[in-house]
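Quick notes on the structure that follows.
Quick note: numbers below take in every heavy atom, side chains included, and nothing from hydrogens, waters or symmetry partners.
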Number of protein chains: 2
Amino acid sequence: MAGETRERILDVAERLFADSGFASTSLRDITAEAGVNLAAVNYHFGSKEALLGAILERRIRPMNDRRIALLDKVEAEAGADGAAVEQIVTAFLNPAFQQVMAMGTHRRQLLKLLGQLHTQANPETRKLFFRQFDEVRIRFTTSFQRALPDIDPDEVARRMMYIVGAMSYIMMWGEQSGHLPAQTPDRLRQSLVEFASAGMAAPATAPAGIPAPETLPTAASIAAHGGHA
Amino acid sequence: MAGETRERILDVAERLFADSGFASTSLRDITAEAGVNLAAVNYHFGSKEALLGAILERRIRPMNDRRIALLDKVEAEAGADGAAVEQIVTAFLNPAFQQVMAMGTHRRQLLKLLGQLHTQANPETRKLFFRQFDEVRIRFTTSFQRALPDIDPDEVARRMMYIVGAMSYIMMWGEQSGHLPAQTPDRLRQSLVEFASAGMAAPATAPAGIPAPETLPTAASIAAHGGHA
DNA sequence: GTATGATTGAAACATACGTTTGACTGACTT
DNA sequence: AAGTCAGTCAAACGTATGTTTCAATCATAC
C-alpha cells in the first residue's frame with residue numbers, strides 16, 4: 001500500500017494534465033479518478049505544482065540519459081572526424097520514440113505535457129526541466145557541427161531546432177485521425193530520420209561570415225502595408 | 001469610443017493568454033490591464049471562450065488566405081507537371097513568417113496560443129480552427145505529391161507534417177535566449193526553406209507498397225524490458 | 001498487546017473565478 | 001427638450017479551486 005497511492009496519482013494526473021491542461025485539471029478530478037483522498041496529493045507531493053514536477057521527472061530523465069549514452073557510443077565508434085549525420089540523428093530520435101511508444105495508448109501525453117510547460121508551469125518548474133533539454137540539445141548540436149565542418153555552425157544549430165520541432169509535432173499530432181495514414185512506430189521513425197538527415201546535411205547557401213541579402217520585407221514594412229504578400 | 005474597448009480587450013487578452021495560458025489568465029487580469037470594466041468582456045464577446053475565438057479569428061484567417069493565394073499563383077505559373085518543391089515550401093512559409101514577424105515584439109504569441117488550443121479550448125472552438133489548418137495542409141500536401149511523383153504519397157504527407165512542426169517550433173522558441181544566435185527574420189526564413197526543401201525532396205528508401213522491415217522494438221517489448229536501448 | 005509513526009479520511013478554509021445584474025452615462029434621434 | 005439605446009460601471013452571485021486541519025486507521029516494532 002505504501003507507494004501505491006503515489007503511483008496511482010502520478011498515472012492519473014499524467015493523463016488528465018495532458019488531456020485537459022494543467023490549470024484546467026483540478027486535484028479533485030485526479031483524486032476522484034484515482035480513487036484516493038483529496039489530501040493525498042498534498043501529502044505525497046506537497047503541492048499541485050510539485051506533482052507536475054514529479055510526473056515530468058519520471059519520464060524525461062531516463063529518455064535524455066539514453067540519448068546521451070547513445071551519442072557517446074556513436075562518437076566513440078566514429079573516428080576523430082566525427083560521427084555520420086544519420087547516426088547522430090538516430091541517437092537523438094530513437095530514445096524519444098522508445099519512450100513515447102512505450103507509453104502505449106497514452107503516447108501523446110508526455111509531449112502534450114511538455115508543450116504546456118512554457119505557459120502553465122511556474123518559472124521554477126519550467127527552468128528545472130528545460131535545463132535538461134538544453135544540455136542534450138547542445139551536446140547534439142556540437143556533434144552535428146563536428147560532422148558538418150563546411151556548414152555555418154549557427155546554421156547547424158538552427159537545423160537542430162528544426163529536427164526537434166519536426167519530432168515533437170509528429171509525435172504529438174501524427175496519430176490524429178485524418179492527418180496521416182496509420183504507420184508502425186518504426187516506419188515513422190525511419191521516415192523522420194531520412195527527413196531530418198537530409199535537411200541537416202543540405203548544402204547551405206550562406207556560409208559563416210557572409211550574410212544573406214534581405215529578400216523579405218521587414219516587420220515594420222509589413223505592418224505598414226498590412227502584411228499583403 | 002465604439003470599438004476601442006473591444007480592440008483593447010483583444011490586444012491585451014492575446015498577449016496574456018499567450019504568456020500565461022488561457023485557463024490561467026483571468027478576465028480580471030485582462031480588464032485591469034486593458035483599463036476597461038470587468039463586464040465589458042461578456043458584453044462584447046459573450047464569454048471568455050468566445051473571446052479566445054475572436055482572437056484567433058483575427059490572426060489565422062488572413063494568414064491562411066495568403067497561403068492559398070500564393071500556392072494558387074505558384075501552381076498557375078508552373079506547368080502541368082507541378083510546381084518546384086522550393087516554391088511550394090516558400091508559399092507555405094512566407095505568410096506565416098510575415099504574420100508572426102508583423103506582430104513585432106509579440107511574435108510568439110499567436111503560436112503559443114495555437115499550441116494551447118488542443119488542451120485548453122473547448123471542443124467546439126478547437127474544431128472550428130483546426131478545420132482551417134487542415135484545409136491548408138491538405139492543399140499543400142497535394143501540391144507536393146504532384147511535384148514529387150516518385151515518392152510514396154504517404155511519405156510526402158508525413159514530410160508535410162515535419163515541415164509544419166519545424167516551422168512552429170522555430171517560431172515559438174527560436175528567439176529564446178541561449179537557443180540560437182540572433183537572426184534577421186528573412187535569414188531564418190531562408191534557412192528553414194532550405195532545410196524543409198531538402199527534407200521534402202530527400203530520396204525515400206521505402207516507396208509505396210513496399211513496407212519497411214521492423215528494426216525497432218515494439219511498444220510492448222520496450223515496456224517489458226524497461227526501455228533500455 | 002501496545003505504542004509508534006506513516007498514511008488516509010471527511011470536512012472546512014480562504015480565495016479566485018466567470019458570469020449576471022441593475023443603475024448610470026452620454027451621444028444621437030425625433 | 002425628451003427619448004432611446006449602446007456602452008460602461010460597481011457590486012454581487014454561485015461555484016470551484018488548492019490547501020490545511022485533525023481525527024481515524026493501518027502496519028510494524030517492541
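Put simply, CZ on Arg6(A) is 12 Å from P on dT8(C), counting in whole angstrom units. Atoms OH (Tyr43(A)) and P (dT7(C)) sit 4 Å apart, rounded to a whole Å. Between Lys48(A) atom NZ and dT20(D) atom C1' there is a gap of 17 Å when expressed in whole angstrom units. With rounding to whole Å, Glu7(A) atom CD is found 18 Å from dT8(C) atom C1'. One can place CD of Glu49(B) at 12 Å from C1' of dG18(C), the figure rounded to the nearest angstrom. We find that CG of Leu38(A) is positioned 18 Å from P of dT7(C), with the value rounded to whole Å. Put simply, CD1 on Ile30(B) is 17 Å from P on dA16(C), counting in whole angstrom units.
Taking the centre and axis of the six-membered ring of Phe22(A), the NZ or CZ atom of Lys48(A) falls inside the cone set by 45° and 6.0 Å.
Using a 4.0 Å cut-off between a side-chain N of Lys or Arg and a carboxylate O of Asp or Glu, Glu7(A) and Arg58(A) qualify as a salt bridge. The existence of a salt bridge linking Glu75(A) and Arg139(A) is confirmed by a sub-4.0 Å separation between a basic side-chain nitrogen and an acidic carboxylate oxygen. Contact check on Arg137(B) versus Asp134(B) returns a salt bridge, with a Lys/Arg side-chain nitrogen under 4.0 Å from an Asp/Glu carboxylate oxygen.
When atom types are taken as modelled, the side chain of Gln145(B) and the backbone of Pro153(B) share a donor-acceptor pair closer than 3.5 angstrom.
OP1 or OP2 of dT8(C) lies within a sub-4.0 Å distance of a side-chain N or O belonging to His44(A). Phosphate contact (OP1/OP2 of dG18(D), side-chain N/O of Ser47(A), threshold under 4.0 Å): absent. OP1 or OP2 of dT7(C) has not a single side-chain nitrogen or oxygen of Asn37(A) nearer than 4.0 Å.
Here dT20(C) is the nucleotide among dT8(C), dT20(C), dA11(C) with the atom lying nearest to any side-chain atom of Asn42(B). Among dA12(D), dT8(C), dA10(D), the nucleotide with an atom closest to any side-chain atom of Arg28(B) is dA12(D). The side chain of Ala39(A) has dT21(D) as its nearest neighbour among dT8(D), dT21(D), dT20(C).
The six-membered or imidazole ring of Phe92(B) lies away from that of Phe144(B), with a centre-to-centre distance of 6.0 Å or more.
Of the residues in residues 12-27 of chain A, those with a non-hydrogen atom less than 4.0 angstrom from any atom of DNA chain D are Thr25(A), Ser26(A), Leu27(A).
Using a 4.5 Å cut-off on side-chain heavy atoms (C-beta onward), Leu192(A) and Phe97(A) make contact.
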